[in-house]
Amino acid sequence: MDKYTIKRVAVCMVCLVVMASCICIRSRSASSQASSSVLSASVRSEPQIAARAAVVVEYETGRVLYEKNADLELPMASTTKIMTTLLTLESGDIDDWFTVDSEAIKVEGSSMGLSEGKVVTKRILSYGMMLPSGNDAANAAAVAVAGSIEDFVDLMNEKAENFGLMNTHFVTPSGLDDYTDEHYSTALDMANLTRLALSNETFREICGTKSICLEFGDGESFWLSNSNKLLSSCDGVIGVKTGFTDKAGRCLVSACERDGVTLICVTLSDPNDWYDHTNLYDYCFSMVGAVTHIG
């Protein structure tokens, strides 16, 4: 083979290598674009929500899937009762009977219907806090657990600090905030508090109850209904707590389970909370599903 032929063969070989490389690169690019197309087709558009602050996290991992001002300190109204109920259930002897403190139950706002001399248990008060958001139940529970409302608030703040809720401060067990600017939390802190609370099976059962008939110690029966409309209107919702004061606006903490995945959503100061939680769940579950499918 002469030198000219050898040179032609070498050039041809180089050209074949270059062509093969280009085909491989285009194939990888097409595969990447196809994956991106599947992902974008599976994930819904990010919703525009009305809340001043919001977050959606995975229950198991705490991974944030959506956030809007998640670390902004704001009043959180009766979502406070998540902490109050958790401490009440953790205090033990939740089915022992006792008479409610007559002064503690003299409180404004939402009520479970306690009156002087009523005999209850901590379990009953927990239902009274979580379903109709009874401020009377929150105060009665605080005194039963700690001896006074002030001492119970100290327990609330100690629990918050121990659990790393560094942007949270409690002043009342009920969430009433008319006379203070020092009762606040953040969407992310409330989500993490809810992760802790949902690990308590009794709390999980109570916050997911739509309605229940209970009895006071004297045998008088009464019904409690849950103010959380998402339990009936949003697929998979299993709790957790509503809240409202003039200062805080509408606050809502919810949890939702679909296909074995549980998400927690928190909105603070949100005039459109039912709608926003529903849309945020649809959006975030589509994200989780799309990533799982691609992986």
Side-chain angles (χ1 to χ4, degrees), residues 53 55 57 59-62 64 70-94 96 98 101 104 107 121-131 133-177 180-208 239-243 245 248 251-255 262 264-266 268:
V55 74
V57 304
Y59 165 66
E60 292 288 347
T61 65
V64 175
D71 291 318
L72 179 64
E73 293 177 355
L74 293 169
M76 63 291 200
S78 282
T79 61
T80 296
K81 295 186 179 83
I82 296 171
M83 175 65 89
T84 305
T85 301
L86 179 60
L87 287 174
T88 299
L89 295 174
E90 289 182 343
S91 68
D93 302 323
I94 64 172
D96 288 354
F98 62 91
D101 183 271
V107 59
T121 65
K122 293 175 185 175
R123 187 188 299 271
I124 288 174
L125 293 180
S126 295
Y127 276 104
M129 286 186 273
M130 295 302 293
L131 273 63
S133 197
N135 296 331
D136 52 352
N139 279 5
V143 174
V145 171
S148 71
I149 291 174
E150 294 75 19
D151 287 343
F152 185 82
V153 168
D154 288 341
L155 291 179
M156 297 172 77
N157 287 314
E158 181 181 344
K159 183 77 167 182
E161 182 177 357
N162 290 342
F163 195 60
L165 309 180
M166 306 312 293
N167 297 309
T168 296
H169 187 260
F170 297 102
V171 176
T172 67
S174 63
L176 291 176
D177 55 15
T180 179
D181 292 323
E182 297 303 314
H183 191 90
Y184 58 81
S185 188
T186 68
L188 185 57
D189 273 7
M190 291 305 297
N192 284 324
L193 170 60
T194 302
R195 290 180 64 216
L196 176 65
L198 287 175
S199 67
N200 183 299
E201 289 301 320
T202 305
F203 178 94
R204 183 184 284 254
E205 177 184 352
I206 290 172
C207 77
V240 176
K241 188 71 191 75
T242 60
T245 64
C251 300
L252 180 60
V253 177
S254 67
T262 301
I264 295 168
C265 181
V266 180
L268 301 178

Measure the spacing between [atom1] of [X] and [atom2] of [Y] and express it to the nearest 0.5 Å.
| X | Y | atom1 | atom2 | result |
| --- | --- | --- | --- | --- |
| Leu193 | Met76 | CG | CE | 8.5 Å |
| Asp71 | Met166 | CG | CE | 12.5 Å |
| Ser91 | Leu155 | OG | CG | 9.5 Å |
| Asn157 | Leu165 | CG | CG | 10.0 Å |
| Lys122 | Asp93 | NZ | CG | 5.5 Å |

Looking at every heavy atom in both [X] and [Y], which two are closest together, and how far apart are they?
| X | Y | result |
| --- | --- | --- |
| Ala187 | Val55 | O-CG1, 3.4 Å |
| Ser174 | Ala138 | CA-CB, 3.9 Å |
| Ala77 | Cys251 | CB-SG, 4.3 Å |
| Thr245 | Gly175 | CG2-O, 3.9 Å |

**OP:** Could you pull out all residues at least two apart from Phe170 that satisfy ring pair (Phe, Tyr, Trp, His ring centres under 6.0 Å)?
**Re:**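 For Phe170 the ring pair (Phe, Tyr, Trp, His ring centres under 6.0 Å) partners, ignoring immediate neighbours, are His183.
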Original post:
Passes side-chain hydrogen bond (donor to acceptor under 3.5 Å, both in side chains), Thr186 versus Asn167? Steps please.
Top reply: CA-CA 6 Å; Thr186 68; Asn167 297 309; 5.0 Å; no
Subject >> Qualifying residue, where the test is side-chain contact (heavy atoms from CB on, under 4.5 Å) with Lys81 and the options are Val240, Asn135, Thr242 >> reply: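 By the side-chain contact (heavy atoms from CB on, under 4.5 Å) criterion, Lys81 pairs with just one of Val240, Asn135, Thr242: Asn135.
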Original post:
Does any pair with a residue in residues 151-173 pass salt bridge (charged side-chain N to carboxylate O under 4.0 Å, His left out), and if so which ones, sequence neighbours excluded?
Top reply: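 Qualifying pairs, neighbours excluded: Glu90-Lys159.
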For a 4.5 angstrom cut-off between non-hydrogen side-chain atoms, does [X] reach [Y]?
| X | Y | value |
| --- | --- | --- |
| Phe152 | Leu87 | yes |
| Asn139 | Pro173 | yes |
| Cys207 | Ile82 | no |
| Ile264 | Leu198 | yes |

Original post:
Any donor-acceptor pair under 3.5 Å linking the side chain of Ser199 with the backbone of Leu196?
Top reply: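 Side chain of Ser199 to backbone of Leu196, a donor-acceptor pair under 3.5 Å: yes, one is there.
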Original post:
Does any N or O in the side chain of Thr172 come within less than 3.5 Å of the main-chain N or O of Leu176, such that one atom is a donor and the other an acceptor?
Top reply: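 Looks like yes, one N/O pair under 3.5 Å.
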Original post:
Do Ser133 and Lys241 have a side chain donor and acceptor closer than 3.5 Å?
Top reply: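 Yes, a side-chain donor-acceptor pair sits under 3.5 Å.
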Original post:
Do Thr168 and Asp189 have a side chain donor and acceptor closer than 3.5 Å?
Top reply: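 The criterion, which ignores hydrogens and geometry beyond distance, is satisfied for Asp189 and Thr168.
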**OP:** In sequence, state the C-alpha distance, the side-chain angles, and the governing distance for Thr79 and Leu252, and then conclude on side chain to side chain contact (heavy atoms under 4.5 Å, CB included).
**Re:** CA-CA 7 Å; Thr79 61; Leu252 180 60; 5.9 Å; no
Original post:
Stepwise, does the side chain to side chain contact (heavy atoms under 4.5 Å, CB included) test hold for Val57 with Leu188?
Top reply: CA-CA 8 Å; Val57 304; Leu188 185 57; 4.2 Å; yes
**OP:** Please name all residues satisfying salt bridge (charged side-chain N to carboxylate O under 4.0 Å, His left out) with Arg123, sequence neighbours left out, ordered by chain then number.
**Re:**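 Only Asp95 meet the salt bridge (charged side-chain N to carboxylate O under 4.0 Å, His left out) criterion with Arg123.
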Original post:
For Glu60, which residues count as a salt bridge (charged side-chain N to carboxylate O under 4.0 Å, His left out) partner, sequence neighbours excluded?
Top reply: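 Listed in chain order: nothing, the list is empty.
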Original post:
For Leu89, what residues pass the side chain to side chain contact (heavy atoms under 4.5 Å, CB included) criterion, not counting sequence neighbours?
Top reply: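 For Leu89, the residues satisfying side chain to side chain contact (heavy atoms under 4.5 Å, CB included) (neighbours in sequence not counted) are Thr85, Ile94, Ser126, Asn200, Thr202, Phe203, Ile206.
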**OP:** Could you pull out all residues at least two apart from Ala141 that satisfy side chain to side chain contact (heavy atoms under 4.5 Å, CB included)?
**Re:**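 Thr88, Leu125, Met129.
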